[in-house]
Amino acid sequence: MIDWSFVLAIVFTGLVVVFLALIILIVFLSIMGAIIKFAEKMKNKGKDTSTIEENSHEVTETDVLTSSDTSQINDEVIAVITAAVAYIMTKEGNKKPFVIKSVKKSSNNTRSAWSMAGINENVQPF
């Protein structure tokens with residue numbers, strides 16, 4: 001005959017152990033996250049934390065020179081590319097003015113960058 005009180009005691013003990021382990025993991029990961037955030041805050045404390053809006057200059061039509069190769073690319077795409085370059089340059093601390101002279105479509109139409117990254121990762125030797 002099966003002793004149901006013994007079975008229920010084992011099931012209850014197992015559930016309690018599992019949930020206590022999960023609670024301990026949650027607390028541990030929360031503490032580690034707080035430590036990492038504190039370390040990053042201390043690391044970035046001495047650095048200039050100004051935003052891109054404070055450092056960037058307004059993009060005018062003279063900043064972007066279009067050529068005949070970019071006739072298929074509209075002005076919005078060129079503006080987005082210019083903004084991305086300005087963001088990266090100011091993030092790296094380069095505050096010099098710049099001019100984008102041309103924008104060309106990639107000549108490699110066979111595979112996307114993500115596809116090539118996946119292939120390169122999978123064919124590297126161990």
Side-chain angles (χ1 to χ4, degrees):
M1 182 146 301
I2 298 176
D3 185 14
W4 287 104
S5 63
F6 183 69
V7 171
L8 290 175
I10 290 176
V11 169
F12 181 72
T13 303
L15 288 173
V16 169
V17 168
V18 167
F19 282 107
L20 281 176
L22 288 174
I23 290 171
I24 290 170
L25 279 173
I26 290 170
V27 169
F28 176 73
L29 292 176
S30 298
I31 291 171
M32 290 299 294
I35 291 171
I36 290 172
K37 283 182 184 178
F38 179 74
E40 286 179 356
K41 188 183 289 186
M42 294 303 289
K43 180 180 170 185
N44 293 333
K45 189 175 185 180
K47 293 184 179 179
D48 183 22
T49 57
S50 59
T51 60
I52 187 67
E53 290 84 17
E54 295 171 3
N55 290 333
S56 65
H57 67 282
E58 185 175 333
V59 178
T60 61
E61 290 181 23
T62 59
D63 288 342
V64 180
L65 301 175
T66 58
S67 65
S68 61
D69 294 338
T70 62
S71 61
Q72 297 174 351
I73 302 174
N74 64 15
D75 292 337
E76 290 178 4
V77 173
I78 295 173
V80 168
I81 292 170
T82 305
V85 170
Y87 176 77
I88 291 172
M89 289 179 69
T90 55
K91 204 69 161 163
E92 292 176 353
N94 187 356
K95 296 180 181 177
K96 296 178 185 177
F98 65 93
V99 175
I100 295 181
K101 294 183 179 181
S102 68
V103 176
K104 296 179 185 176
K105 287 188 176 184
S106 174
S107 62
N108 184 5
N109 294 331
T110 57
R111 293 196 169 126
S112 69
W114 288 106
S115 174
M116 290 303 296
I119 290 171
N120 288 337
E121 184 177 328
N122 289 326
V123 297
Q124 288 179 350
F126 298 102

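- Atoms NZ and CZ, on Lys43 and Phe38 in that order, are 14.5 Å from each other to the nearest 0.5 Å.
- Residues Val11 and Leu22 share a single hydrophobic cluster, defined by chaining ILVMFWY side chains whose heavy atoms lie under 4.5 Å apart.
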Problem set entry | side chain to side chain contact (heavy atoms under 4.5 Å, CB included) evaluation trace for Val27 with Ile24 | CA-CA 5 Å; Val27 169; Ile24 290 170; 5.8 Å; no

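- Among residues two or more places apart in sequence or in another chain, the side chain to side chain donor-acceptor pair (under 3.5 Å) test is passed with Ser5 by Asp3.
- The distance from atom CE of Met32 to atom CZ of Phe28, rounded to the nearest 0.5 Å, is 5.0 Å.
- We find the CG-CG distance between Leu20 and Leu15 to be 11.0 Å, quoted to the nearest 0.5 Å.
- The distance from the CG atom of Leu8 to the OG1 atom of Thr13 is 10.5 Å, given to the nearest 0.5 Å.
- The OG1 atom of Thr90 lies 9.0 Å from the CG atom of Asn94; values are rounded to the nearest 0.5 Å.
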